[in-house]
Amino acid sequence: MAETFFKHPTALVESDQVGEGTNVWAYAHVMKGAAVGRHCNIGDHAFIESGASVGDEVTIKNGVAVWQYVTIEHRVFLGPNCSLTNDNRPRSKRDWTPVATTIREGATIGANATIVCGCHIGRYAFVGAGAVVTRPVPDHAVVVGNPARVRGYVCECCQPLKGSGTALGCEKCGLRYVKSRQGVSRAT
């Protein structure tokens with residue numbers, strides 16, 4: 001059966017679950033049992049472990065490892081050399097209890113950011129470059145620093161949300177949002 005995705009000659013793709021239109025670039029490795037969606041871009045030297053799940057239209061930049069028990073939903077951007085984890089108490093040669101992490105639809109993880117396992121990243125959230133995420137990130141939140149803290153909110157189009165009180169909006173695309181104790185969500 002012909003492959004429906006592009007694989008660079010130096011890439012190692014062992015999985016039979018790579019979606020149509022995906023590009024896997026130089027020296028990347030997609031292990032057997034990893035699931036990669038359609039129209040993804042897997043950069044040089046990326047690694048996707050067995051049991052990892054990558055949605056459609058995901059960009060994984062160079063040097064990123066997506067480990068078992070990590071779920072990447074649709075249209076996520078993983079910046080160069082960002083770090084994902086799956087063990088809160090790592091040691092060599094011991095039994096371990098994996099901890100799952102989900103990066104929700106449309107989220108952006110900046111270059112060299114670290115996501116500690118179990119710290120789920122909300123829909124359309126934006127994790128700044130070099131941030132160290134030690135707790136869950138709400139939908140649409142912008143987090144920066146070490147440890148990462150919420151510094152604002154962004155639209156689905158990735159522009160800053162502006163407003164006061166509970167009403168927020170995007171000046172670029174016009175979408176409106178509501179801020180509550182539960183977080184930020186699109187206005188209905």
(request) Taking all non-hydrogen atoms of both residues into account, name the closest pair between Thr10 and Tyr27 and its distance. (result) OG1-N, 3.1 Å
(message) Do Val116 and Asn88 make a side-chain contact, defined as non-hydrogen atoms from C-beta onward lying under 4.5 Å apart?
(response) yes
(request) To the nearest 0.5 angstrom, please state how far the NZ atom of Lys162 sits from the CG atom of Leu168. (result) 12.0 Å
(message) Under a 3.5 Å distance rule, please check whether Asn86 uses its side chain to pair with a backbone N or O of Gln68 as donor and acceptor.
(response) yes
(message) For Met31 versus Ser15, what's the shortest heavy-atom pair and its separation?
(response) O-CB, 3.3 Å
(request) To the nearest 0.5 angstrom, please state how far the CG atom of Asp139 sits from the CD atom of Glu105. (result) 10.0 Å
(message) Go through it in stages, so that I can follow the logic: the residues are Leu84 and Leu78, the test is side-chain contact (heavy atoms from CB on, under 4.5 Å), and I'd like the CA-CA distance, side-chain angles, deciding distance and then a yes or no.
(response) CA-CA 10 Å; Leu84 308 172; Leu78 299 177; 4.3 Å; yes
(request) Look only at the side chain of Asp44 and the backbone of Ala26, and say whether a donor-acceptor pair between them is shorter than 3.5 Å. (result) yes
(message) Under a 3.5 Å cutoff, is there a donor and acceptor pairing between the side chains of Gln182 and Ser180?
(response) yes
(request) Verify the neighbour count for atom NZ of Lys7: are there more than 12 heavy atoms of other residues, nucleotides or ligands below 6.0 Å? (result) yes
(request) Any chance you could measure Cys173, atom SG, to Glu156, atom CD, to the nearest 0.5 Å? (result) 7.5 Å
(message) With a 3.5 Å distance limit and no angle check, can you tell me whether Thr22 reaches the backbone of Gly37 through a side-chain donor-acceptor pair?
(response) yes
(message) Measuring from atom NE2 of His29 to atom CD of Glu14, what distance do you get when rounded to the nearest 0.5 angstrom?
(response) 3.5 Å
(message) If I take atom OG1 from residue Thr114 and atom CG from residue Asn81, how far apart are they, to the nearest 0.5 angstrom?
(response) 10.5 Å
(message) Minimum heavy-atom separation for Leu175 and Cys155, please, with both atom names.
(response) CD1-SG, 3.9 Å
(request) Write down the atom of Gly79, the atom of Lys61, and the distance for their closest heavy-atom approach. (result) C-CB, 3.7 Å
(message) If you apply the rule side-chain contact (heavy atoms from CB on, under 4.5 Å), what do you find for Phe5 with Glu20, and how did you get there?
(response) CA-CA 5 Å; Phe5 63 93; Glu20 174 185 359; over 6 Å; no
(request) Please check if Trp67 and Val54 belong to a single hydrophobic cluster, counting links between Ile, Leu, Val, Met, Phe, Trp and Tyr side chain heavy atoms closer than 4.5 Å. (result) yes
(message) According to side chain to side chain donor-acceptor pair (under 3.5 Å), who are the partners of Asp87, at least two apart in sequence or on a separate chain?
(response) Arg94
(message) For residues Ile115 and Val150: do they belong to one hydrophobic cluster (side chain heavy atoms under 4.5 Å, members Ile, Leu, Val, Met, Phe, Trp, Tyr)?
(response) yes
(message) Please check: side-chain N/O of His74 versus main-chain N/O of Asp56, any donor-acceptor pairing under 3.5 Å?
(response) yes
(request) Take Cys40 and Thr59 through the test side-chain contact (heavy atoms from CB on, under 4.5 Å) and record every step on the way to the result. (result) CA-CA 6 Å; Cys40 294; Thr59 296; over 6 Å; no
(message) Please say yes or no: joined through hydrophobic side-chain contacts below 4.5 Å, possibly via intermediate residues, are Phe126 and Val137 part of one cluster?
(response) no
(request) Measure the spacing between CD1 of Ile72 and CD1 of Ile60 and express it to the nearest 0.5 Å. (result) 6.5 Å
(request) List the atom of Glu73, the atom of Thr102, and the distance in Å for their closest heavy-atom pair. (result) OE2-CG2, 3.8 Å
(request) Examine distances only and state if a side-chain atom of Thr166 and a backbone atom of Val178 form a donor-acceptor pair shorter than 3.5 Å. (result) no
(message) Is any side-chain heavy atom of Val143 closer than 4.5 Å to one of Val127?
(response) yes
(message) Side-chain heavy atoms under 4.5 Å apart, restricted to Ile/Leu/Val/Met/Phe/Trp/Tyr: what other residues fall into the cluster of Trp25, or is it alone?
(response) Phe6
(request) Over all heavy atoms of both residues, which pair between Glu49 and Ala34 is shortest? Give the atoms and the distance, please. (result) O-CB, 3.5 Å
(message) Quick check on the hydrophobic clustering: are Tyr124 and Val133 connected, directly or via other members, by side-chain heavy-atom contacts under 4.5 Å?
(response) no
(request) Could you tell me whether Gln159 atom CD has more than 12 heavy atoms of other residues or ligands within 6.0 Å of it? (result) yes
(message) A side-chain contact here means heavy atoms from C-beta on lying under 4.5 Å apart; do Cys82 and Asn112 qualify?
(response) no
(request) Consider only side-chain heavy atoms of I, L, V, M, F, W and Y, link residues closer than 4.5 Å, and tell whether Tyr69 and Ile103 are in one cluster. (result) no
